[in-house]
Number of protein chains: 2
Amino acid sequence: MSRKSARPPRGGTRLNGRAGIRDVAAAAGVSITTVSDALNGKGRLPDATRRHVREVAERLGYRPSAAARTLRTGKSGLIGLTVTTYGEEPFTFTEFAYFAEMARAATSAALARGYALVILPAPARHSPFDVWSNVALDGTVVIDPSDQDPVVSELVRSGLPVVSDGRPSGSLPVTAWVDNDHEEAVQGLLDHLAESGARRIGLLTGTSTDTYTRLSTTAYLEWCERVGQDPVYETYPAHDPCAGAVAADRLLARPDRPDAVYGLFDPNGTDLLAAARRYGLRVPEDLLLVCCSESTVYATTEPPITTLSLKPGRIGNTVIQLLIDAIEGIGPSRPVQQVMPTDLIVRTSSQRRSARTTVSAPRAPASD
Amino acid sequence: MSRKSARPPRGGTRLNGRAGIRDVAAAAGVSITTVSDALNGKGRLPDATRRHVREVAERLGYRPSAAARTLRTGKSGLIGLTVTTYGEEPFTFTEFAYFAEMARAATSAALARGYALVILPAPARHSPFDVWSNVALDGTVVIDPSDQDPVVSELVRSGLPVVSDGRPSGSLPVTAWVDNDHEEAVQGLLDHLAESGARRIGLLTGTSTDTYTRLSTTAYLEWCERVGQDPVYETYPAHDPCAGAVAADRLLARPDRPDAVYGLFDPNGTDLLAAARRYGLRVPEDLLLVCCSESTVYATTEPPITTLSLKPGRIGNTVIQLLIDAIEGIGPSRPVQQVMPTDLIVRTSSQRRSARTTVSAPRAPASD
DNA sequence: CTGAAAGCGCTAACAA
DNA sequence: TTGTTAGCGCTTTCAG
């Protein structure tokens, strides 16, 4: 016997001590389907039944099991958020203010649409646990995917929607990506510096090959060519903060010292300011300064420094919308590539040099 | 017919297009039990079988279903991370540098033990979705739980381990909490100011009733009483940045103007510096300054400002260890309350006043 | 040492 | 309209 002993109505009574859907059904005098429908707003039940079931569920402290729902529906409501790290360190944020703001916006956006964000590590070199395969994800956001990120390609291959913040280098077939228009941003900012009187603009850039660095540097070189200026730049490994200070110093120590500098990375503003001080250069009188940063520090430095903001909040939000659209099959089925504008926050450090320069072209009052 | 049509070996073949455990079993010529055991390092299988199964699984691109595992085992490997917000805004971080660092450390610590962090909102007032009940959590970290946080009490009631960063006000029976020794920190810092020559130390504090504000303020008042100084303080709603600037100004405008100030919140340093400037007070000559902050800004202000660091990284890590211990049933079963030290980072703003002041009490060389 | 079978709690077809 | 039933894919006793 035993094989197929007319099994009892399935499921003893209650799980782990807390009420299950069957308990609610029993207590409300309905079937479990009705409970499920009533609670999920599905089906076509009389309002009375619905209310009744809800009330009973409430009274019993019923909490539906997310795991069971996920298993059944195939949707977990979870979105992965990962930062592929520059250096070796497992979990560093170099561009911290950027990430913090981006993550904040992404979290809000996701929550507003009923999803939660799971923070996941970049390809764990040899972690004893592979967290990635331990969580059911509906999709993933990848920040700054590096050249041949194994996790990303794995994810894409497995059919999971992946949206990237920053256009992926290489040809990772992500579902969508969002990025700033780095070329335009850099050229615009160089124009701004030129208008403020800069004659030779220098660049502080990185040695790494990520697209941000590459596009920005290229844009700089092109701009130089267009206006006929010799490029003046120094490179350093962006993840090393000390190297940045050294590179800033080097740049200002050159014989062909620039009279304006754009720094690609967040700490460059501070580094350049310090270097300028060492060489007795006044900002903005002797040296104009701009750097790319989300930090509010630069509003209160002495002098305040003009920054290029990448608007991480807007990006975080957009990325999430795109991803959830893909998850829910709303968006277009072909890859989306969205370019977002940047913001140049002009402060003293790049202000037109005072009187002397401004007055330089005295003319008759224009009358046209 | 059909009712009970001698059902086939269960499970068609493959799910959603990807390989399932059954496919692996079939391909490897073993039972699904063996596959499960081989992959999870359970059971006592010959190494050959184990390797073989692993290889087949790999070849098929098999990825175990996290949802199914969770349903079966009751463990999701997911930890909730929530910040109960001060104001009305759904997702603001006032103490941003603090949170960022704390979250970073917590994430690392969790990942190192095989868990991932899910960012969850504070009690969503009336969100259309209740994300909380949509994710299977093994436990939750709560940052700065407010007085009667409904989510926290609900979680605790439902038997989920909850560890709090910051001792919970009221009597929320959390599994454990971690907090700084705020009393000691404040008294130590006041002593430091006094040693640097402060005669009347003022306080910039908050109007809210959270424990941090309360404990710090009390510590200040007690210290004043002990050394026989009249308390000089201003309060303002900590979540309003403008109010902070105003309060700083008010404090320095008082007739009984303090000659040293401690500000409880991150932006206070900047605010106080600005206010001091307005009143023509030199720091540290006329006014000593300390504030509680994790921001690196204060290393480069003019002058650099002494800060009290709460060591959020250490707290984040500890909180996670405690939580996972509780989840895995390792730790002590009674509530743990862990107090962590703080760090006073002494910079120019609180340095001993130079000669003139030091000399202020000319006496005969003490000989006792 | 291996395999068959019994569910974890829920939702979605279908049957009544 | 409501209830019955068959699994979602996995782990885990328990027989072989």
Side-chain angles (χ1 to χ4, degrees), chain A residues 1-26 28-50 52-53 57 62-76 133-134 136, chain B residues 1-26 28-50 52-53 57 62-76 133-134 136:
Chain A
M1 31 91 237
S2 96
R3 267 214 70 179
K4 196 128 291 176
S5 58
R7 53 169 145 143
R10 181 72 168 293
T13 315
R14 41 184 55 230
L15 54 152
N16 192 17
R18 292 230 323 295
I21 196 173
R22 265 179 282 272
D23 301 285
V24 178
V30 296
S31 82
I32 60 171
T33 307
T34 307
V35 175
S36 176
D37 285 351
L39 262 34
N40 296 329
K42 297 272 182 71
R44 224 155 275 307
L45 310 179
D47 269 10
T49 311
R50 199 159 294 221
H52 179 225
V53 170
Y62 168 69
R63 291 253 149 272
S65 147
R69 196 217 285 315
T70 300
L71 178 57
R72 187 64 241 247
T73 62
K75 250 92 206 66
S76 66
S133 62
N134 268 337
Chain B
M1 27 98 237
S2 95
R3 270 213 69 181
K4 198 128 291 176
S5 58
R7 53 168 143 132
R10 183 72 169 293
T13 315
R14 40 186 53 230
L15 52 152
N16 191 18
R18 292 230 323 295
I21 195 172
R22 265 179 281 272
D23 301 284
V24 178
V30 296
S31 82
I32 60 171
T33 308
T34 306
V35 174
S36 176
D37 284 351
L39 262 34
N40 296 328
K42 299 271 183 70
R44 224 155 276 304
L45 310 178
D47 269 9
T49 311
R50 201 161 292 231
H52 179 225
V53 170
Y62 169 68
R63 291 251 148 275
S65 148
R69 198 218 283 316
T70 301
L71 179 57
R72 186 63 239 246
T73 63
K75 251 91 209 65
S76 67
S133 62
N134 269 336

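Residue numbering restarts at 1 for every chain, and letters A, B, ... go by the order of the sequence lines.
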> May I have the distance from Ile32(B) (atom CD1) to dT12(D) (atom P), rounded to whole angstrom?
13 Å
> Arg63(A) has an atom CZ; how far is it from atom C1' of dC10(C), in whole Å?
16 Å
> Among dT2(D), dT12(D), dG9(C), which nucleotide has an atom closest to any side-chain atom of Thr34(A)?
dT2(D)
> What nucleotide among dA6(D), dC1(C), dA6(C) has an atom nearest to a side-chain atom of Arg72(B)?
dA6(C)
> Closest approach of Ser133(B) and Arg63(A), non-hydrogen atoms and distance?
CB-NH1, 4.4 Å
> CD1 of Ile21(A) versus P of dT5(D): gap in Å, rounded?
16 Å
> Starting at the 5' end of DNA chain C, which residue's closest nucleotide do you reach first, Leu71(B) or Thr49(B)?
Thr49(B)
> Whole Å only: how far is the CG atom of Asp23(B) from the P atom of dC10(D)?
9 Å
> If you round to the nearest 0.5 Å, how far is CG of Asp37(B) from CD1 of Ile32(B)?
10.5 Å
> Can a side chain N or O of Arg69(A) be found less than 4.0 Å away from OP1 or OP2 on dG9(C)?
no
> Would you say a side-chain N or O of Ser65(A) is under 4.0 Å from OP1 or OP2 of dG9(C)?
no
> I'd like to check Ser36(A) versus Thr33(A) (side-chain heavy atoms, cut-off strictly below 4.5 Å). Are they in contact?
no
> When you measure from the side chain of Asn40(B), which nucleotide among dG7(D), dG3(C), dT11(D) comes out closest?
dT11(D)
> Which whole-number value in Å describes the distance from Asp37(A) CG to dT2(D) P?
10 Å
> Tell me the interatomic distance from Asp47(B), atom CG, to dC1(C), atom C1', rounded to whole angstroms.
14 Å
> Going by the side chain to side chain contact (heavy atoms under 4.5 Å, CB included) test, name the single residue among Val30(B), Asn40(B), Thr49(B) that passes it with Val35(B).
Val30(B)
> OP1 or OP2 of dT11(C) versus the side-chain N and O atoms of Ser36(A): is any pair under 4.0 Å?
yes
> So, for Ser76(A) and Ala136(A), which heavy atoms are closest and what is the spacing to 0.1 Å?
OG-O, 2.7 Å
> Given dC10(D), dT5(D), dT12(D), identify the nucleotide with an atom nearest to the side chain of Thr33(B).
dT12(D)
